[in-house]
Amino acid sequence: MTITGTVLTNPPDQTHSTEAQPTRALVLHPDTRAGDRSARDPKYALEEAVSLAHALPGLEVLGGDIVRLPKPHPGMLFGSGKVEELRARIEADEVDLILIDGAVTPVQQRNLERAWKVKLLDRTGLILEIFADRAATREGVLQVELAALSYQRTRLVRAWTHLERQRGGLGFVGGPGETQIEADRRAIDDQMIRLRRQLAKVATTRELHRAARAKVPYPVVAFAGYTNAGKSTLFNRLTGADVLAKDMLFATLDPTMRSVRLPVGEAGGLDVILSDTVGFISDLPTQLVAAFRATLEEVLDADLVLHVRDISHPESAAQARDVETILEQLGVSPDVPRLEFWNKSDALSADDLEATTNLAARQENVFLGSALSGAGLDALLAAIADRLEGRVMESDILLAHDAGRARAWLHERGLVTAESQEEAGTRVSVRWLAEDAARFRSRFPNEADSAGIVAPPEVD
C-alpha cells in the first residue's frame, strides 16, 4: 500500500531512542572493621559486591569504593562530611542507584535517599532483586516474593502523618487511628498469608515427586557451596545436564536433580541422585534462608553433602566457613557424610597448585581437581561411591495378616516394589536405604526379626 502526501521527518539531531537506558549504579562497601583486622578483607568484599551488581540486568556499574566507617552514624550511616562528599560525586557521575554492601536501617535509607536524591539498596535488597530476576519455577517465584515482602515489612518507616485515616478516642485526647504504616503492614501481612497458602500447595506437589523418587530410593548427593564455586559446571559434567553455568554470582537459583550411575564394583555401577542447589553467600539474608528452606529440603535429606569450593579464590577458607554456617542454620545434621571438592585447580599457579595438592593430600575427605578440565573427578566419584555403596538394600519380607501397620508404614514411604498374597500373610519386596531398614526394625522388631533384617547399630 502506498501513502501519498507530505511526509514529516525529524531532523537528525532531534531523533531519540525509545530503548530503556541502563541504570547507572555505584557500589559502596562500608569498612566497619575499625581496629579489628581479623575480619574479611574489604577489597575482596567490594569485588564480590560489584559482581553482585553485575549479576542484576539493566545496571551500568560505574565502579565501587571502600568507605572507612569506624562508627556507623545512627541516622545517616556515614558522617555528614562523607555524605556531602559522596553527594558531589553522585551528581557529577549522574548516578541513579547506590548499592551499599552492608546492612542499612530503614531510617538511614530514607535519610540518605533524601540527601542524595537517588534510589538506595542495601546488600539484602540487592540479593532479593537478583533472586527475583532469576527465579524460574513457580515455587522459586513464590519464595522470592515471600522473602521480599518479609524484608519490605521491616522497611516501613513513619514519614507522612497526614495519611492517618482517622483519629481515635474522644475529643482531643485520642491519638491517631490507623496510620498509613499500619495499613501498609496489614496489606503486606495479607499478601504473605496468600503466598504461604500457595506455597503449601506447591509443597504438596513436591512431596508427591519425593514419594515417586522414593520408589527407587537412590542415595542423594547434594551439592553445596559458595556462589560461583563451580557447582553447576561440575553437575553438568557428571550428568550431561544443561544447567546454566557461567562466571556470575547466583547463576543457578532453582535446584536441579539428575540420576547418574557411578562406575564402581563388579555389578557395573551404583545409581545415585545428584542435586544442584542455589549457591550460598556471606551475610545471606535471613528472609531467604527461611524462604528457601523448602527448596533446600534435598540438602536436608541428602545421604551425602558434597561441598564444592573455589580453591583459587583468595578467601576460599572464609567462604567455606560461611557455607558451613548456612548449612547449620538450615538444620543439616553434622552426622551426614561430607566430602570437599576443591574446584578450579586449573586456575592456580604452578607453585600454588603444588602447595594445595600437598595440603589436600594431608586431609581426609578432601579432593582437588577441576570441573572444567575433569581433573580429579575419578578419585572424587570413587570416594562418593565408597561411602554410599551398600546403603541401598533389597529385602523380601513376609508380613502376617495382622501386621497392617507395618505394611502401611512401608507403603507410605514408597519402599514397596512388589507385593503378593500368600496363605501365611503378605509378601512384600522392598528397596530401601540402610536408615529405612533401621527405622523399620525399631518400630516393628517382630516383623524385622522374621525377615532377618539387621540394622546398623549407629543408625536410629
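Starting from 1, each residue takes its place in the sequence as its number. Note: hydrogens, waters and symmetry copies are ignored here, and every other heavy atom, side chains too, is used. Values in this document were obtained by computation on a predicted structure and should not be read as measured data.
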With side chains defined as the heavy atoms from C-beta onward, is the minimum distance between Trp116 and Val83 less than 4.5 Å?
yes

Ion pair present between Asp276 and Lys231, side-chain N to carboxylate O less than 4.0 angstrom?
no

Looking at side-chain heavy atoms only, is the closest gap between Ile311 and Asn343 below 4.5 Å?
no

Decide side-chain contact (heavy atoms from CB on, under 4.5 Å) for Ile100 and Leu112; before the verdict, give the C-alpha distance in whole Å, the side-chain angles of both, and the deciding distance to 0.1 Å.
CA-CA 11 Å; Ile100 294 185; Leu112 287 175; 4.1 Å; yes

Between Thr233 (side chain) and Ala371 (backbone), is there a donor-acceptor pair under 3.5 Å?
no

Option from Leu86, Asp101, Leu46 for which side-chain contact (heavy atoms from CB on, under 4.5 Å) with Leu28 holds:
Leu86

pair His307-Arg338: side-chain heavy atoms closer than 4.5 Å:
no

So which atom in Ser370 and which in Leu377 form the shortest heavy-atom distance, rounded to 0.1 Å?
O-CG, 4.3 Å

Closest heavy-atom pair and its distance - Phe341, Ala375
CZ-O, 4.3 Å

Value rounded to 0.5 Å, distance of CD in Glu60 from CZ in Arg24
5.0 Å

Going by heavy atoms in the side chains, are Leu97 and Leu121 under 4.5 Å from each other?
yes

Under 3.5 Å, is there a donor-acceptor pair between the Glu419 and His411 side chains?
yes

First locate atom CD of Gln191, then atom OG of Ser150, and finally report the distance between them rounded to the nearest 0.5 Å.
12.5 Å

Could you please spell out the steps behind the side-chain contact (heavy atoms from CB on, under 4.5 Å) verdict for Asp310 and Asn228?
CA-CA 8 Å; Asp310 177 3; Asn228 211 28; 5.9 Å; no

Which heavy atom of Val308 sits nearest to which heavy atom of Gly230, and what is that distance?
CG1-C, 4.3 Å

Is any side-chain heavy atom of Thr239 closer than 4.5 Å to one of Val260?
yes

Using salt bridge (charged side-chain N to carboxylate O under 4.0 Å, His left out) as the criterion, list what pairs up with Asp96, not counting sequence neighbours.
none

Show, in sequence, the C-alpha distance, side-chain angles and deciding distance for Val67 and Lys82, and conclude whether the side-chain contact (heavy atoms from CB on, under 4.5 Å) test is met.
CA-CA 9 Å; Val67 181; Lys82 179 59 68 173; 4.0 Å; yes

Ring centres under 6.0 angstrom apart (Phe440, Trp409)
yes

Nearest 0.5 Å, please: how far is CG in Leu120 from CG in Leu126?
11.0 Å

Between atom CG of Asp190 and atom CZ of Arg194, what is the distance when rounded to the nearest 0.5 Å?
9.5 Å

Do side-chain atoms of Arg237 reach the backbone of Leu372 as a donor and acceptor pair under 3.5 angstrom?
yes

If we ignore hydrogens and angles and just use 3.5 Å, is the side chain of Ser442 paired with the main-chain N or O of Arg439 as donor and acceptor?
yes

Going through the checks in order, is the side-chain contact (heavy atoms from CB on, under 4.5 Å) test met by Leu274 and Val220?
CA-CA 6 Å; Leu274 302 184; Val220 175; over 6 Å; no

So do Leu52 and His54 actually touch side chain to side chain, heavy atoms under 4.5 Å?
no

The reported gap from CG in Leu306 to CG in Leu381 (rounded to nearest 0.5 angstrom) is 9.5 Å

Shortest non-hydrogen contact between Ala25 and Leu99, atoms and distance:
CB-CD1, 4.3 Å

Taking Ser345 for the side chain and Gly369 for the main chain, is one N or O donor matched with an acceptor at less than 3.5 Å?
yes

Smallest separation among heavy atoms of Asp122 and Gly102, with atom names:
CB-O, 3.2 Å

Assess whether a salt bridge exists between Lys43 and Glu48, defined as any Lys/Arg side-chain N lying under 4.0 Å from an Asp/Glu carboxylate O.
no

Give a yes or no on whether the backbone of Asp41 and the side-chain of Glu315 come within a donor-acceptor separation of less than 3.5 Å.
yes

Is the closest basic N to carboxylate O distance between Arg87 and Glu91 below 4.0 Å?
yes

Kindly indicate, with the supporting measurements, whether the criterion salt bridge (Lys or Arg N to Asp or Glu O under 4.0 Å) is fulfilled by Glu324 and Arg321.
CA-CA 5 Å; Glu324 293 297 331; Arg321 289 193 296 270; over 6 Å; no

Given 3.5 Å as the limit, does a donor-acceptor pair link the side chain of Thr23 with the main chain of Leu59, or not?
no

Minimum heavy-atom separation for Ile130 to Ala55, with atom names?
CD1-CB, 4.1 Å

Salt bridge flag under 4.0 Å for residues Asp303 and Arg387
no

Just to verify, what does Arg196 make a salt bridge (charged side-chain N to carboxylate O under 4.0 Å, His left out) with, not counting sequence neighbours?
none

Side-chain contact test, heavy atoms from C-beta onward, threshold under 4.5 Å: evaluate it for Trp342 versus Gln363 and give yes or no.
yes

Just wondering, do Ile98 and Lys119 contact through their side chains at under 4.5 Å, heavy atoms?
no

CD-CZ distance between Glu84 and Phe78, expressed to the nearest 0.5 angstrom:
14.0 Å

